[in-house]
Amino acid sequence: MRTLEQMKATAQRQLDGMSVNRDLMAKDVLWLADTVKRLEAMVKEQNQATTPPTSGPLGSAFDEIFRKRGAKA
């Protein structure tokens, strides 16, 4: 795998009009896209794990606490 700096340098050379290995650049883009997709899924999963419950006894307790905070603000 290439470093991000190597990928950035290749992209800049392409933008500067130099000839670059487009297959290699396409592989870089695919790898970056897959990485972003995995990170987005991890963040979504993490956010769901930390979201307070919205139903049941705990959910109503959270609603009550946040309503009181909103009334004070």
Side-chain angles (χ1 to χ4, degrees):
M1 189 193 74
R2 294 171 7 113
T3 67
L4 291 175
E5 287 304 316
Q6 290 170 323
M7 292 177 201
K8 185 177 174 181
T10 300
Q12 187 61 55
R13 283 194 304 275
Q14 172 70 26
L15 292 173
D16 291 343
M18 298 176 79
S19 180
V20 297
N21 183 333
R22 291 188 180 159
D23 287 343
L24 184 60
M25 204 161 88
K27 288 177 184 179
D28 290 344
V29 170
L30 291 173
W31 179 83
L32 288 169
D34 288 343
T35 301
V36 167
K37 191 174 181 177
R38 277 194 312 274
L39 289 173
E40 285 176 337
M42 287 171 47
V43 167
K44 183 178 180 182
E45 186 178 301
Q46 223 173 20
N47 285 342
Q48 289 175 349
T50 59
T51 302
T54 56
S55 62
L58 286 178
S60 56
F62 277 112
D63 287 343
E64 187 176 325
I65 291 168
F66 289 117
R67 261 188 258 123
K68 286 181 184 177
R69 277 193 183 167
K72 290 181 184 177

Would you be so kind as to tabulate the donor-acceptor pairs closer than 3.5 Å made by side chains of residues 28-37, with sequence neighbours excluded?
from: Asp28; atom 1: OD1; to: Arg2; atom 2: NE; distance (Å): 3.3
from: Asp28; atom 1: OD2; to: Arg2; atom 2: NE; distance (Å): 3.1
from: Asp28; atom 1: OD2; to: Arg2; atom 2: NH2; distance (Å): 2.7
from: Thr35; atom 1: OG1; to: Trp31; atom 2: O; distance (Å): 2.8
from: Thr35; atom 1: OG1; to: Arg38; atom 2: NH2; distance (Å): 3.3

Quiz item: Tell me, do Gln46 and Met42 make a side-chain contact under 4.5 Å, heavy atoms counted?
Solution: no
Practice problem: Hey, could you give me the CE/CE distance between Met1 and Met7, rounded to the nearest 0.5 Å? | Solution: 5.5 Å
Exercise. Taking the side chain as every heavy atom from C-beta outward, state whether Val43 and Glu40 have any atom pair closer than 4.5 Å.
Key: no
Exercise. Mind checking salt bridge (charged side-chain N to carboxylate O under 4.0 Å, His left out) for Arg13 and listing every partner two or more places apart, or none if nothing turns up?
Key: none
Quiz item: Can you tell me how far CZ of Arg22 sits from OG1 of Thr10, rounded to the nearest 0.5 angstrom?
Solution: 12.5 Å
